Amino acid sequence: WTYNVGTFLDVAAGTAGPIILTPEGVTALNGEDGSVRWTYQRDADYVNGRGNSRDKTLIISPDARHVAIRMKGPSLHHSHIVVSVILDSATGEVTAEHRSTFRSPLQMTDSLAVDGNEAFALDGGKTLWTMPEGTFGRRDSGSWGNSYSGTAGHSTVIVGMEKSCLTDNRFCKTSRTLRVAPDHDPTATTEITHVLRGIGPEYNSVENVTVVDGWVARSTDDDARTTPDEYADLAWETQAVNLDALASGEEAAPVPLGSA
């Protein structure tokens, strides 16, 4: 089957089929035949997980049961309010709404979303906890610049991202040390080193860390961390590790991925 999208902003996989974001709102399709399951239409300026208008991004919970959209709200003291709307991916029902400040990052586990420094339940929108300003950002300055936005672990939040090493080579530019924690206790952090970020064609852009079903890819190549050659070959031994297991202290064997 085919579906004519028109102006396309983003697409994500829900529990029953693809979910499409356009300037008019959200449309969920049946994965079997392409028919429309539900729509959510709201006249708004849709923004991404960091609250800006670049790369309009749908955010999906790890279990794909919820999808988040964000839109600019009214201006307050020269700064826009950002409204996050959580939808049931199977029915389109609004399960929560939350307001935050412009550019605050948003990430989702199976049960909650972290909007800036505040966590709220995906079902009902109840505020679950609030952390001090700058907790979800760079450890030294509290900046949003190294904060994570997107799908997190099933029960794990990504508290922050740091450069994995000081050498200015391709490995260091494309890897990060993640600080992760159980979503019920964001103070109990664990570090995961050398987690790889996506890179664009011909190394012309570096993208966010990708989390799939609670797993991320990291490098195990010690030599790459100290190689000074900025143009060294992008070939590192990699493995997939489970965020939820590492954050909770459980054992989960890494999965070898070969060379990246």
Side-chain angles (χ1 to χ4, degrees), residues 9-21 25-31 37-40 42 46-51 55-71 82-100 104-129 131 136 147-159 161 178 180-186 195 198 207-217 240-248 252:
L9 297 179
D10 197 15
V11 64
T15 55
I19 298 174
I20 300 169
L21 177 64
V26 183
T27 300
L29 304 180
N30 188 318
R37 292 181 58 88
W38 55 263
T39 61
Y40 176 85
R42 188 161 171 174
Y46 293 100
V47 296
N48 66 8
R50 296 185 182 277
D55 305 323
K56 313 290 194 306
T57 305
L58 296 167
I59 298 179
I60 292 283
S61 61
D63 60 4
R65 289 186 55 246
H66 294 88
V67 58
I69 55 173
R70 309 191 86 191
M71 59 198 77
V82 173
V83 180
S84 299
V85 178
I86 310 298
L87 304 171
D88 185 304
S89 73
T91 66
E93 176 189 359
V94 176
T95 62
E97 265 196 41
H98 189 264
R99 293 192 171 201
S100 60
S104 62
L106 181 79
Q107 60 178 290
M108 292 170 62
T109 69
D110 286 348
S111 61
L112 61 78
V114 181
D115 192 351
N117 294 306
E118 186 171 272
F120 65 94
L122 298 181
D123 289 312
K126 177 183 177 181
T127 299
L128 302 174
W129 44 258
M131 297 300 294
F136 284 82
S147 58
Y148 175 78
S149 183
T151 303
H154 288 282
S155 58
T156 302
V157 293
I158 298 175
V159 179
M161 298 190 296
L178 301 187
V180 301
D183 62 6
H184 65 273
D185 183 7
V195 176
E207 302 169 356
N208 206 359
V209 168
T210 299
V211 182
V212 178
D213 198 22
W215 294 78
V216 294
V241 295
N242 187 276
L243 297 182
D244 300 303
L246 293 172
S248 63

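As the structure is a prediction and not an experimental result, all values here were calculated from the model.
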*Can you check side-chain contact (heavy atoms from CB on, under 4.5 Å) on V82 and M71, steps first, answer last?*
CA-CA 6 Å; V82 173; M71 59 198 77; over 6 Å; no
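- A distance of 11.0 Å separates CG in L9 from CD1 in I69, rounded to the nearest 0.5 Å.
- Between the side chain of W215 and the main chain of G153, no donor-acceptor pair closer than 3.5 Å is present.
- Contact of the Y148 side chain with the P105 side chain is not registered, since no non-hydrogen atoms from C-beta on lie closer than 4.5 Å.
- Here the CD1 atom belonging to I60 is positioned 7.0 Å from the CE atom belonging to M108, to the nearest 0.5 angstrom.
- Nearest heavy-atom pair across V180 and A247 is CG2-CB, 4.0 Å.
- Of all the heavy atoms in V159 and P186, the pair that sits closest is CG2-O, 3.8 Å.
- Taking each heavy atom of A113 and L106 in turn, the nearest pair found is CB-CD1, 4.0 Å.
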_V241/V216 under side-chain contact (heavy atoms from CB on, under 4.5 Å): CA gap, chis, key distance, verdict_ = CA-CA 6 Å; V241 295; V216 294; 3.7 Å; yes
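- The minimum heavy-atom distance between A90 and R37, with the atom names listed, is O-NH2, 3.2 Å.
- With a 4.5 Å cut-off on side-chain heavy atoms, E118 and M131 do not count as touching.
- Interatomic distance, L122 CG to H98 NE2, rounded to the nearest 0.5 Å: 11.5 Å.
- Side-chain contact annotation: D183 with H154, donor-acceptor N/O pair under 3.5 Å absent.
- Rounded to the nearest 0.5 angstrom, T151 OG1 and D63 CG are separated by 10.0 Å.
- Side-chain N/O atoms of T156 and D244 include a donor and acceptor closer than 3.5 Å.
- Contact of the L87 side chain with the E93 side chain is not registered, since no non-hydrogen atoms from C-beta on lie closer than 4.5 Å.
- Residues L112 and W129 are in side-chain contact: their nearest non-hydrogen atoms beyond the backbone lie under 4.5 Å apart.
- L178 is listed as a side-chain neighbour of V209, based on a closest heavy-atom distance under 4.5 Å.
- No side-chain donor from either of S61 and D110 sits under 3.5 Å from a side-chain acceptor of the other.
- Remark: the backbone N or O of I158 is paired with a side-chain donor or acceptor of Q107 at under 3.5 angstrom.
- For the atom pair CZ (F120) and CG (D115), the distance works out to 5.5 Å, reported to the nearest 0.5 Å.
- Counting heavy atoms from C-beta on, the side chains of V83 and R70 never come closer than 4.5 Å.
- Panel note: side chain R99, backbone S84; no donor-acceptor pair is recorded below 3.5 Å.
- Put simply, the side chain of S104 never gets that close to the backbone of S100: no donor and acceptor are under 3.5 Å apart.
- When all heavy atoms of L21 and V26 are compared, the pair lying nearest together is CD1-CG2, 4.0 Å.
- With rounding to the nearest 0.5 angstrom, the OG atom of S248 is 8.0 Å from the CG atom of N242.
- In this structure, the side chains of T27 and Y40 stay at 4.5 Å or more apart for every pair of heavy atoms.
- Proximity of I59 to V67: side-chain heavy atoms (C-beta onward) are nowhere separated by under 4.5 Å.
- Looking at T15 and R65, their side chains never bring a donor and an acceptor atom within 3.5 Å of each other.
- Summarising the geometry of G124 relative to A96, their closest heavy-atom pair is C-CB, 4.3 Å, with the distance given to 0.1 Å.
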